[in-house]
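Indexing begins at 1, ligand by ligand and atom by atom, following the structure's order.
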Amino acid sequence: MRKHKKIDSWFLSRYGMNLYRGCSHNCSYCDGRSEGYNVNGEFGNDVVVKINAIDVLRHELDTRRKRKQLKKGYIMVGGGVGDSYQPIEKKYKMPHKTLLLLSEKEFPVHILTKSTLVKRDVAIIEKINEKNKCIVSFSFSSTNEKISSIFEPNVPSPNQRLETLQFFKDRGISCGMFLLPVIPFITDVRDVMERTIQDAKDVGIDFIIFGGMTLKEGIQKQYFLNVLKQHYPKLIAEYNLIYKKSRWGNAISEYNDKLHKIFNILMKYYKIPKRIPLEFFKNFISGNDLVVVLLEHIDYLLKLEGKKSTFGYVAYQISQKDLPLENMLYKLNTIKGVGKITEKIIREILTTKTSKYYEQLSKL
Ligand code: SF4
């Protein structure tokens, strides 16, 4: 398992894992093909299977050999440098074995995939969900079939993914949509985005997490621009205007601000949570992590409204502390960035597991 430096407030996880390296879904925008990830072979064709992953995981989850307990939170299955439900998965059944183990050890689990193969694991997912919780999320760049066939050539179609979400919703499993990356000038246009959000609403999605596309200099950018040139040659100039070789491949902030504004308007109209709802995690994470997550969610929601916020900064400062905040209730103002209002919110979260300010901001 990969241990995150702090709780991840998008996935509510402390640990994640890549069961494979490389991904035969071969999405043109995938940043897994960037040089920085050192994935060997030809991305999209060659997939490394971590055949000993289950033994390693069993060892890592064995609390008898640990001096420190594992951190509480969801275990994230998926994401990173390869979808956990690869087509070759029919043979290796890696996530299936992983889920069996996580069920045995009684961890809550969050699965993120683009593959309908996850349906095969419905029985074990239901079992985890009964005892703890299991969230099944799918990622989309849009629900447009034609666009998906260009940029996500080996991925089950958006309709198949929506049907799979419905399949899990019908069985009482909470489901999320990761609407990311939206592809500039193609799936970020208002009509396409609105259709996608509407489709998610129709299946009863529990939340949508949103994000733009990064294009890191090097293989990722070259590969994507080649596909773009074949299908949307006129857009190359527009891309040059918004991707200015930033270190992480981000588009310029003017573009991102505009994009998030449209998303926010649509989400308000369709009344869908923009972060994982509090009731899905408040009993599964520590007091410190709950404070970190809620402050980060507040920070995000304020920034979506175009407001300034220092809550994210405070969240980071808290995430660096080992001492439980409950033990420093009267010294909270010694934490960098904590003023009177933040102090009050932190105390409220620690005593009630929520915050009125947070509730007001996330109200639909
Ligand atoms: S499914 Fe995810 S990991 Fe796989 S190619 Fe697409 S974006 Fe990359």
Q: Classify the ring geometry of F224 against F151: parallel below 30°, tilted from 30° to 60°, perpendicular beyond 60°.
A: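 Geometry flag for F151 against F224: parallel rings.
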
Q: Does NZ or CZ of R275 come closer than 6.0 Å to the centre of the six-membered ring of Y300, within 45° of the ring's axis?
A: yes

Q: Could you check whether the rings of H110 and Y74 sit parallel, tilted or perpendicular, using 30° and 60° as the cut-offs?
A: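 The rings of H110 and Y74 stand perpendicular, inter-plane angle above 60°.
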
Q: Restricting to under 2.8 Å, identify the protein N, O or S atoms around atom 4 (Fe) of ligand 1 as residue plus atom.
A: C23 SG

Q: Distance under 6.0 Å and angle within 45° of the ring axis: does R33 meet both against Y223?
A: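 Verdict for Y223: a cation-pi partner in R33.
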
Q: Just checking, any donor-acceptor pair under 3.5 angstrom between side chains of D31 and Y37?
A: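 Yes - a donor-acceptor pair under 3.5 Å links their side chains.
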
Q: Looking only at side-chain N and O atoms, does Q86 offer a donor or acceptor that is under 3.5 Å from a partner on Y92?
A: no

